[in-house]
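Notes for the one structure printed next.
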Amino acid sequence: MRVLVAYASERGGTAEIADWIGAALREAGLDADVRPAGEVAKLDGYDAAVVGGALYAGRWHREARHFVRHHGDALAHRPVWLFSSGPLDHSAEEKRIDPTVSVAKFARRLNARGHATFGGRLSPDARGFLASKIAKRSSGDFRDRDQVTEWAGGIVRQLRGAEV
Ligand SMILES: Cc1cc2nc3c(=O)[nH]c(=O)nc-3n(C[C@H](O)[C@H](O)[C@H](O)COP(=O)(O)O)c2cc1C
C-alpha cells in the first residue's frame with residue numbers, strides 16, 4: 001500500500017509534521033512518500049493520501065488549496081486524511097480542534113476520512129510584517145510528535161482494515 005503525504009509549508013513546521021507522519025506510516029510497514037504539494041504532478045500509483053497545510057489567516061497555505069482543487073477528482077477516488085497546523089499555544093494538545101471553515105469545505109468535498117489540527121511553530125525572529133508582529137506575542141514550538149504519530153497510527157489501522 002503506497003501512501004502520499006503532501007504538504008504545504010511556509011516556514012518548515014508543517015513540512016516536519018508531514019515527515020513525522022511519513023515516518024510513522026513506514027514504521028508500520030506502509031510505503032509512504034512525503035512531498036511538497038506543489039511538486040506532485042499526479043496521484044497515479046498512490047492508494048491513499050494525507051494532505052496537510054499550514055494555517056495562515058484561517059486558510060491553508062495556498063499550495064495545499066491549489067493541490068486539493070487541482071487533484072480533487074483523483075483524491076475523491078482514494079481514502080484521504082487531512083491535517084492543519086497550527087495554533088501557537090497548547091490548545092491543539094488539550095482538545096480536538098475542528099478544521100477551519102475553509103478546510104472543512106475541502107474535507108466535505110473530498111469525503112475525507114479524518115482531519116486533525118496540530119499545534120504550530122513560529123520562531124521569535126520570524127521574518128515578514130505580520131509574522132514578526134505575531135512572533136512578539138506568540139512564538140514557540142507547539143507541535144507534539146507523539147500526537148502526530150498517534151494520529152498516523154489511526155490511518156494505518158483504517159487502511160489495514162480496508163485491506164481485509
Ligand atoms: C501571518 C500568520 C498568520 C497565521 N494565521 C494562523 C491562523 O489563522 N490559525 C492558526 O492556527 N495559526 C496561524 N498561524 C500560525 C501558523 O499556522 C504556524 O506558525 C504554523 O506552524 C506555520 O507553519 P509552517 O512553518 O509550515 O509555515 C499564523 C502565523 C502567521 C505568521
Side-chain angles (χ1 to χ4, degrees), residues 3-27 30 32-41 43 46 48-72 75 80-110 112-156:
V3 184
L4 170 68
V5 183
Y7 66 86
S9 174
E10 190 69 30
R11 297 179 169 81
T14 310
E16 202 173 18
I17 292 176
D19 281 338
W20 296 341
I21 293 170
L25 298 179
R26 277 184 223 111
E27 181 79 15
L30 300 179
D33 283 352
V34 181
R35 300 173 63 191
E39 290 179 13
V40 179
L43 271 73
Y46 292 112
V50 180
V51 185
L55 287 173
Y56 284 94
R59 302 197 300 172
W60 263 354
H61 186 288
R62 66 191 173 286
E63 279 179 18
R65 287 185 273 129
H66 180 78
F67 179 82
V68 293
R69 284 194 193 111
H70 192 73
H71 297 286
L75 288 167
V80 172
W81 287 263
L82 309 180
F83 71 93
S84 305
S85 164
L88 296 171
D89 56 29
H90 291 286
S91 57
E93 288 163 283
E94 288 159 2
K95 59 177 194 286
R96 211 193 112 79
I97 298 180
D98 287 336
T100 65
V101 172
S102 163
V103 175
K105 274 188 200 154
F106 290 129
R108 277 196 299 276
R109 203 176 299 162
L110 301 174
R113 309 275 171 110
H115 171 274
T117 302
F118 300 119
R121 178 186 73 175
L122 190 65
S123 153
D125 57 2
R127 285 162 181 252
F129 179 73
L130 272 179
S132 57
K133 274 193 159 186
I134 294 171
K136 280 203 182 94
R137 52 179 162 81
S138 15
S139 64
D141 189 350
F142 301 95
R143 301 165 308 153
D144 177 346
R145 183 166 184 164
D146 288 344
Q147 187 187 17
V148 173
T149 300
E150 202 180 305
W151 184 71
I155 294 176
V156 172

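Each ligand, and each atom within it, is numbered from 1 in the order the structure gives. Positions are given from 1 along the sequence. When reading the values below, keep in mind they use all heavy atoms of this one structure, side chains included, and skip hydrogens, waters and symmetry mates.
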Measure the distance from atom 25 (O) of ligand 1 to every protein heavy atom, then report the residue, atom name and distance (to 0.1 Å) of the closest one. Gly13 N, 2.8 Å

Is there a donor-acceptor pair under 3.5 Å between the side chain of Ser138 and the backbone N or O of Ala135? no

Atom of Ile97, atom of Ser91 and distance for their closest heavy-atom approach: CD1-OG, 3.5 Å

Give the minimum heavy-atom separation between Gly13 and Arg143, together with the two atoms involved. O-NH1, 3.1 Å

Just need the protein heavy atom nearest to atom 5 (N) of ligand 1, so name the residue and atom and give the distance. Ala57 N, 3.0 Å

Can any side-chain N or O of Arg65 pair as donor or acceptor with the backbone N or O of Phe106 at less than 3.5 Å? no

Using a 4.0 Å cutoff against the non-hydrogen atoms of Leu130, which atoms of ligand 1 qualify? 1 (C)

Just how far is it from atom CZ of Arg11 to atom OH of Tyr56, taken to the nearest 0.5 Å? 4.0 Å

Note the single closest protein heavy atom to atom 22 (C) of ligand 1, along with its residue, its atom name and the distance in Å. Tyr56 OH, 3.4 Å

Heavy-atom nearest neighbour of atom 12 (N) of ligand 1 within options Gly120, Gly86, Ser9, Ser132: Gly86

For ligand 1, which atoms, with element, lie under 4.0 Å from some heavy atom of Ile134? 1 (C), 2 (C), 3 (C), 30 (C)

heavy-atom search around atom 11 (O) of ligand 1 in the protein gives Pro87 N, 3.2 Å

To which protein heavy atom is atom 21 (O) of ligand 1 closest, and what is the distance rounded to 0.1 Å? Arg121 N, 2.8 Å

Suppose I only count heavy atoms of Glu10 and a 4.0 Å limit; which atoms of ligand 1 are within that range? 24 (P), 26 (O), 27 (O)

The reported gap from OG in Ser102 to CH2 in Trp60 (rounded to nearest 0.5 angstrom) is 8.5 Å

Between Trp151 and Phe118, does the ring centre distance come in under 6.0 Å? yes

Which pair of heavy atoms, one from Gly120 and one from Ser85, lies closest together, and at what distance? CA-OG, 3.6 Å

Which ligand 1 atoms are under 4.0 Å away from a heavy-atom of Gly58? 7 (C), 8 (O)

Using atom types as modelled and distance alone, determine if a side-chain donor or acceptor of His115 lies under 3.5 Å from a backbone N or O of Val103. no

shortest atom 17 (O) of ligand 1-to-protein heavy-atom contact is with Leu55 O, 2.6 Å

Do His61 and Tyr7 touch side chain to side chain, with heavy atoms closer than 4.5 Å? no

For Ala131, the atoms of ligand 1 under 4.0 Å from one of its heavy atoms are 31 (C)

Heavy-atom contacts with Ser85 under 4.0 Å: which atoms of ligand 1 show up? List them by number with element. 17 (O), 20 (C), 21 (O)

Check whether any N or O atom of Leu88, backbone or side chain, sits under 3.5 Å from an N or O atom of ligand 1, and answer yes or no. no

Atoms of ligand 1 close to Ala54 [distance to a heavy atom under 4.0 angstrom, numbered from 1]: 22 (C), 23 (O), 24 (P), 26 (O), 27 (O)

